[in-house]
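Heads up: the structure comes next, in structure tokens.
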Amino acid sequence: MMIGLDDVVAAETSLSHVDGEAGRLIIAGHDLEELAGRVSFEDVAAMLWEGFVPDAAADTKALLSAARQRAYVHLAPLSSRLANLTPVEGMRLLLASLPDAERDHAALAVGAAGVAAAMAVRGAQGLAPVAPDSLLGHAADILRMMRDTPVSAEEAQGLDTYLVTVIDHGLNASTFTARVVASTQAGTLSSVVAGLCALKGPLHGGAPGPVLDMLDAIGTIENADAWLDDAMARGERLMGFGHRIYRVRDPRADVLKAAAGRLKGKSNRIAFAEAVEATALTVLERRKPGRRLDTNVEFYTAILLDALGVPREGFTPLFAAGRSAGWVAHAIEQTRTGRIIRPQSRYVGAWPAKAA
Ligand code: ACO
């Protein structure tokens, strides 16, 4: 029996495939590198939603734009409740307020995830929400709603690349969670809220903020080896490294590193990150020889989102905004099987004493 479900196949999906030995990610029949930075988030969502979401192929940009407007009307009255919550907790509160039975629930969930991510980041700082702009693409509008400043085409492209890169990734913990909830016929919004709850932990989607904390604490490259080695000696995990499936470099790392490199004036930060990454890989091999621990998606997520002016507490909400399109597709795919996910546990507790 596998505790942690490694190697257990719990679903059939046509949505995405992760090859951990080859370092390959296939999304809706395409290699990640064919999509990220080349096809918009809306168009990749349409590929995932084909056959699942009515009208998805026709005009996902319009569908998501309308969904952001509807979501904003629902969510803005709750913004005064966000001040004492972290952004990801605020996002959880906002998404949990949406009804499951809403029409266009798939698009609403994804539109709402974008609006909620931006609103929760602002709300945590005591700032009022910014309404969506129906003329903008999803990525550009999220960044504008979060920062309340105009977004350049280059920045919009950077966030769009990020949202596509994280849109779906096999049966990771949050997607599995979303499918378990969907399998009970609980509804799409409930599945997305459940996915967010699973994503927020530091072992899954909560790592990119701590990656920046780590880079700040290291400070200079001369300090990197000693700092990283000490952290591992204390039994800590290096954030942005290691993965349950990938035994080689996560293909998403290079896509995001390239996207960060395309943003003007950010080369110093990237050069420092690259040097720390190289040192971390040496330290990991020294301390955990043969474990094949490599760079994961979170390392360059931190660099890219920081370069876009997103506060580090906003990284996980943006991850959820991108992944929500995948959660929705998985939830509908799972619901259609009509079968509840219900594994077994092995009882290791005490047995009732036999009557004498
Ligand atoms: N730093 C130091 N040691 C590590 C790290 C790390 N980042 N990752 C794994 N290890 C160690 C484990 O402690 C384990 O050591 P042991 O055999 O001596 O006990 C060994 O390497 C093997 O671990 P795995 O079984 O490969 O890792 P697991 O599948 O349990 O965990 C996880 C994967 C949670 C991602 C882990 O690598 C980790 O905690 N990374 C840091 C946090 C992080 O970057 N999270 C984002 C993941 S990407 C995503 O979900 C979007």
Side-chain angles (χ1 to χ4, degrees), residues 2-8 16 18-21 23-25 27 32 36 88 162-178 195-215 217-218 224-257 273 276-305 312 314-327 330:
M2 273 297 186
I3 308 281
L5 300 183
D6 317 31
D7 300 328
V8 171
S16 64
V18 183
D19 183 337
E21 283 297 331
R24 185 176 191 193
L25 168 59
I27 299 170
L32 170 67
V88 73
Y162 173 69
L163 296 178
V164 167
T165 301
V166 299
I167 197 165
D168 203 42
H169 199 246
L171 206 58
N172 58 85
S174 58
T175 300
F176 181 53
T177 304
L196 174 65
C197 293
L199 185 79
K200 95 187 249 298
L203 299 191
H204 188 7
V211 166
L212 276 195
D213 298 340
M214 181 179 83
L215 292 177
I218 291 171
D225 194 295
W227 193 98
L228 294 163
D229 199 67
D230 284 352
M232 287 206 61
R234 290 191 300 271
E236 290 172 17
R237 291 186 172 207
L238 306 185
M239 290 292 140
F241 297 90
H243 199 275
R244 177 59 62 85
I245 306 291
Y246 290 119
R247 292 299 160 210
V248 295
R249 193 179 169 80
D250 184 332
R252 298 170 296 178
D254 284 326
V255 169
L256 296 178
K257 183 173 156 184
V276 171
E277 180 195 12
T279 309
L281 294 174
T282 310
V283 172
L284 284 163
E285 184 53 29
R286 187 193 308 146
R287 287 268 172 191
K288 300 270 177 191
R291 299 293 211 297
R292 302 177 70 193
L293 299 168
D294 215 320
T295 315
N296 68 41
V297 64
E298 304 288 34
F299 192 78
Y300 285 104
T301 289
I303 305 302
L304 174 61
L305 296 185
R312 58 193 76 185
F315 294 176
T316 306
L318 282 181
F319 189 169
R323 184 58 58 83
S324 63
W327 290 334
H330 277 274

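Here the structure is a predicted model, which means the values were calculated and not measured. Start at 1 and go down the list; that is how both ligands and their atoms are numbered.
- Taking each of R292, M239, H243 in turn, the one with a heavy atom nearest to atom 48 (S) of ligand 1 proves to be H243.
- Distances between N or O atoms of N296 and those of ligand 1 include at least one value under 3.5 Å.
- Atoms OG1 and CG, on T316 and L196 in that order, are 9.0 Å from each other to the nearest 0.5 Å.
- Considering K288, R286, R234 as possible partners of D229, the one that fulfils the salt bridge (charged side-chain N to carboxylate O under 4.0 Å, His left out) test is R286.
- Under a 4.0 Å heavy-atom criterion, F319 is in contact with ligand 1.
- Looking at R237 against ligand 1, both its backbone and its side chain come within 4.0 Å, counting heavy atoms.
- Nearest heavy-atom pair, A198 versus A173, reported as atom, atom and distance to 0.1 Å: CB-O, 4.1 Å.
- Closest to atom 41 (C) of ligand 1 among all protein heavy atoms lies F241 O, 3.5 Å.
- The nearest pair of heavy atoms linking S174 to G195 is CB-O, 3.3 Å.
- Within the 4.0 Å heavy-atom criterion, neither part of V211 lies near ligand 1.
- Taking only nitrogen or oxygen atoms, main chain and side chain alike, R247 reaches within less than 3.5 Å of ligand 1.
- Distance check for atom 13 (O) of ligand 1: a protein heavy atom is found below 4.0 Å.
- In this structure, atom 1 (N) of ligand 1 lies nearest to the protein heavy atom L238 N, 2.8 Å.
- Between Y246 and H169, the ring-plane angle classifies as tilted under the 30° and 60° cut-offs.
- Judged purely by atom type and a 3.5 angstrom limit, D250 uses its side chain to pair as donor or acceptor with the backbone of V297.
- Within the set K288, H204, R244, R323, the minimum heavy-atom distance to atom 30 (O) of ligand 1 is found for R244.
- Of the protein's non-hydrogen atoms, R291 NE, 3.9 Å is the one closest to atom 20 (C) of ligand 1.
- Rounding to the nearest 0.5 angstrom, the gap separating the CG atom in L281 from the CZ atom in R249 is 7.5 Å.
- When each atom of ligand 1 is checked for a heavy atom of V297 under 4.0 Å away, the hits are 51 (C).
- R247 places a side-chain N or O within donor-acceptor distance of the main-chain N or O of R244, the cut-off being under 3.5 Å.
- Both the backbone and the side chain of L203 come within contact range of ligand 1, each with a heavy atom under 4.0 Å.
- With a heavy-atom cut-off of 4.0 Å, L293 touches ligand 1 through its side chain alone.
- Closest to atom 35 (C) of ligand 1, if we only count protein heavy atoms, is G242 O, 3.7 Å.
- Note that OG1 of T175 and NE2 of H204 are 6.0 Å apart. Values are rounded to the nearest 0.5 Å.
- Residue Y162 forms a side chain to side chain contact (heavy atoms under 4.5 Å, CB included) with just one option from V255, L304, I167, and that option is L304.
- For the pair M239 and F299, the tightest heavy-atom approach, listed with the atom from each and the gap, is O-CD1, 4.2 Å.
- With a 4.0 Å cut-off on non-hydrogen atoms, M232 touches ligand 1 through its side chain and not its backbone.
- Only the backbone of P202 comes within 4.0 Å of ligand 1, judged by heavy-atom distances.
- Between G205 and ligand 1, no pair of N/O atoms sits closer than 3.5 Å.
- Between the CG atom of N172 and the OG atom of S16 there is a distance of 8.0 Å, given to the nearest 0.5 Å.
- Taking every heavy atom of G240 and a limit of under 4.0 angstrom, the matching atoms of ligand 1 come to 43 (C), 44 (O).
- For L284, every heavy-atom contact with ligand 1 shorter than 4.0 Å involves the side chain, none the backbone.
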